[in-house]
Each structure stands twice: as structure tokens, then as C-alpha cells.
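Just so we're on the same page: letters track the sequence lines, and every chain starts at 1.
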There are 2 protein chains.
Amino acid sequence: AARRGGREMAAWARAVRGLLLDVSGVLYDSGGDGGVPIAGSVEAVSRIKASGLKLRFCTNETQATREKFVKKLQGMGFDISVAEVTAPAPAACRILKERSLRPHLLVHNDLVPEFAEIDKANPNCVVIGDAAENFTYANLNEAFRVLIGMEKPVFISLGRGRYYKETDGLKLDVGAYMKALEYACDIQAEVVGKPAKMFFESALAEMGIPAHQAIMIGDDIVNDVGGAQRCGMRALQVRTGKYRSVHTLHP
Amino acid sequence: AARRGGREMAAWARAVRGLLLDVSGVLYDSGGDGGVPIAGSVEAVSRIKASGLKLRFCTNETQATREKFVKKLQGMGFDISVAEVTAPAPAACRILKERSLRPHLLVHNDLVPEFAEIDKANPNCVVIGDAAENFTYANLNEAFRVLIGMEKPVFISLGRGRYYKETDGLKLDVGAYMKALEYACDIQAEVVGKPAKMFFESALAEMGIPAHQAIMIGDDIVNDVGGAQRCGMRALQVRTGKYRSVHTLHP
């Protein structure tokens, strides 16, 4: 059995044609200072590309436009371009257009340009991202009032992460604030981004490979590993990023 | 059957010896300016007292000490004293002492004096109240880090209200922020205050009457009506306060 297992694993490894990489906590630790690359990660990205494997960066980070996000990573030495990034905001924009939704945005100032093409007058939905410092008492009350004032509230969340690690410590992620508004309004958010199946499927489509030929690599057991596995991918959890921080809670 | 129902109701009405009154949304609408009494409510309190019925004010408001809260209501003309008020903070203090818990407080500045006697050095639990303007991004991250840093997080919430009405509009209540931290840490808060059974039971004990001789009057279907009914009390929902604001959502 062990021999057969080994042979199967070797066959599977030969079949792998593409990698999906989480970014924050895998390639770098984010932070108010822009963040710092994790040791060896710049070289890892170069080696993956040199090996001929397809590579896609799959991030739930919504504190900046993809352009700004990529520029930051390039500044740290990463070989990355905007066209290689799958992120929640463009996916949300597609949904907003399809369903004629006009969002009230509770997002980071630097993400707002991603919604430049979208009509935001007289909102008929709320879109929440990792607004960070924009998660003020006043802004949360405002988003709540918009939602509870709707006959049928439509609430879109750019991810459902619990928290993430920045250089100065752990921070609450968009999922925590999503839960606050869900509870207050007695509604359920529609999640765009990891771990939504559609998010991984569009990343695979962009790479042009089927799920069984791809591996997702991330530091989040739910959003990265669980989400990818539900799409038929293999997934690996790295022990960087938030992983170490929670060993007492989730051993 | 209708005749028997009428007779039973009359018998029950004669048996009523005490009223538990919610305050915000029933006696007054709170607000940054201190709030305004609801028409007829000052007279109603006087009439109840003159009738010989026992009366207890049961509030989940945690934006001020009971002293300050009572002073505000007296200023509006209400016949009310500190000894007649059942509130979450004193109940929480009893629990903290019994279990040797040292709280990290995420509460309104004006509530802090209620915890004056409590050791707060080297916290081994988090207590959250309706912190209002203190619900900042930084304070929420700090409370989160204290909780997730504990081997077995202890999280006490002074209520689980979704929202309430102030003179300038609806505001998110402590329950929404409780849910955010519960989700981020994958834990459950212990709720002190309405709708906790213990809270209503201590109010009844303070009045010296059994549950079947008491009526709870409030504007919140879950915290006031549901909580009281689970203790064997009758309950009435008034149509003031938050009631009207949500008719589109909860018809």
C-alpha cells in the first residue's frame, strides 16, 4: 500500500501544471509600512516561473487596487504583474453590473478606484471589503442603516477572513465586520473572493487548466485550503503568516 | 372557549403584582443630546407607582453608570431611583468577582466607574458593552488580540442587542460587535443582561414576586419579550422605540 501510495503521489506530482499562490502570509507579511517579504519567497516565485509551471496569485486583499498591490510586491522584488492576480473587487464589479446593483461602499480608500465604472447613486446594495481604518463606528452605522432601510437587503462581502497578521500584530479581517452587519440585519452576505467556489474557478479558467492539475498554497485553512479542496484542487497550508500566531487556539 | 378565555385573562390581570419596564425605546428615545421622553411615559410611570404595582426598570443600556442614567431620566421628569434599576454591569461585576476574572474592558468611558472595585491588571477575560464611539478599529483589534492570546478565551458581553434607535437614527448595538469578535476568535460570548434568564430572575428577586405575577414591557421582541417569556413571565411589546423602524424587514 505504501508503495502504491508513493507511485500515486509521483504520478500526481507529474500531473501538476499550475500553482495558485495566496499572497499575504505566504509571500509577505503585510503592514502599515507596506510589509516585508517572507524569507525565500522572492526566489520561490522566480523558480516556479522558471520551471514552466503556470502561476496565479490569488488574494483576498482589498486594501488597494490590483495596480497598487502589484507595484508594492514588485518593489519587494517579486516577479508579478496585474494580469496574474485574481482578486475580489473585479469579481464583485462583474456581479454588480450583471444584476444592476448600485453599491454603497464600505471599503479601503485605496480600493475605491476599482469601482470607478460602477454607478453608486441611490444605492440598492452594500459592498464591504477590508476597510481597515475606515471601519469606524460612524461608517459601520451608516452601512447598517443603508442595509436595514432596504426592502430586500443585498449585502456583498469581499471575503470572509477572520483576521490576518500585519507586521505590528493581528488585525480583524472583513469577515468579522461582515458578521456584525449580518447579525444586526438578520441577513446573509454573499461572499466574493476566497473561499467562494466561483473565485477559484475563475482563477483556474484564467490559467487554462483543470482543478486536478492545480495546487493552492496558502496560510488559511478555511479560505485557502478548504475553498480550493471544494473545487477539486489539492491544497497545501504553509506555516508562515497567521499560522504560528494561533497554535494555542487551534493546535 | 372565548368566555373561558376572557375569565382567565381577568383572573390573570388581577394576579399581576409587578411590572418590569424596559427604558430606551419605551420611556424615552436615547440620543447624543441625552434623548427625549416618549409622549405620556412620565405620567405612565407615576400612575403605575400610584396604583401600588411594584415597578422595576430593566435596561441593557451600558453607556453610563446607573447613577448617571437615573439622573438623566429624573431630569426628564421620571420618578426613578438607582435602587429600582436592574442593569448588566453590576451583574457582570458579581460574575467577575466570583470567578476571579480580571477584565480587559471594551465599554463606554462613562461605564468604567461601575468596574472601579475590579482588578483589571493582566487581564484574563474581555468584557464588552455598548462602547459607542469607543468601538474604534484600534480598540476592536486590541480586544481581539487579548482574546486570541488566551489559552481558553473568556468573553463576557453586556447584552446581545442588534441595534437601537437614537434621536439621530439607528445605531449598531453591542450584539453586533460581540458577533464580530466571536467569529474572529471562533468562540461564544457569555451574555449578561437581557435576554439572559439570570438577569430577569434577579429583577424578580429584587421585586420579591414570582414570574407569573409579573409583566415585562419592552420594544425588543428578542431581548425583552422572548427573554421574559422564557422565565415564565408575560410580556408586551410596545410600538415605540425601534419597533416602527423595521416594519419593512420584520413585518
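Scanning both residues, B:L111 and B:L158, for their nearest heavy atoms gives CD2-CD1, 3.7 Å.
A donor-acceptor pair under 3.5 Å is absent between the side-chain atoms of A:T86 and the main chain of A:C58, judged by distance alone.
Heavy atoms of B:F135 lying under 4.5 Å from chain A belong to its backbone as well as its side chain. Neither the backbone nor the side chain of B:A138 comes within less than 4.5 Å of any heavy atom of chain A.
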task = Determine, stepwise, if the pair A:D219 / A:K165 fulfils salt bridge (charged side-chain N to carboxylate O under 4.0 Å, His left out).
result = CA-CA 11 Å; A:D219 67 333; A:K165 189 186 173 187; over 6 Å; no
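When each of A:L140, A:D173, A:T136, A:N134 is checked for heavy-atom pairs under 4.5 Å with chain B, A:L140 comes out on top. Ranked by non-hydrogen atom pairs under 4.5 Å with chain A, the options B:A180, B:G161, B:A131 are led by B:A180. Among the candidates A:R145, A:M178, A:E182, the residue making the largest number of heavy-atom pairs closer than 4.5 Å to chain B is A:R145.
Between A:K194 and A:D22, at least one side-chain nitrogen of the basic residue sits less than 4.0 Å from a carboxylate oxygen of the acidic one, meeting the salt-bridge criterion.
With 3.5 Å as the limit, one finds no donor-acceptor pair spanning the side chains of A:Y164 and A:N60.
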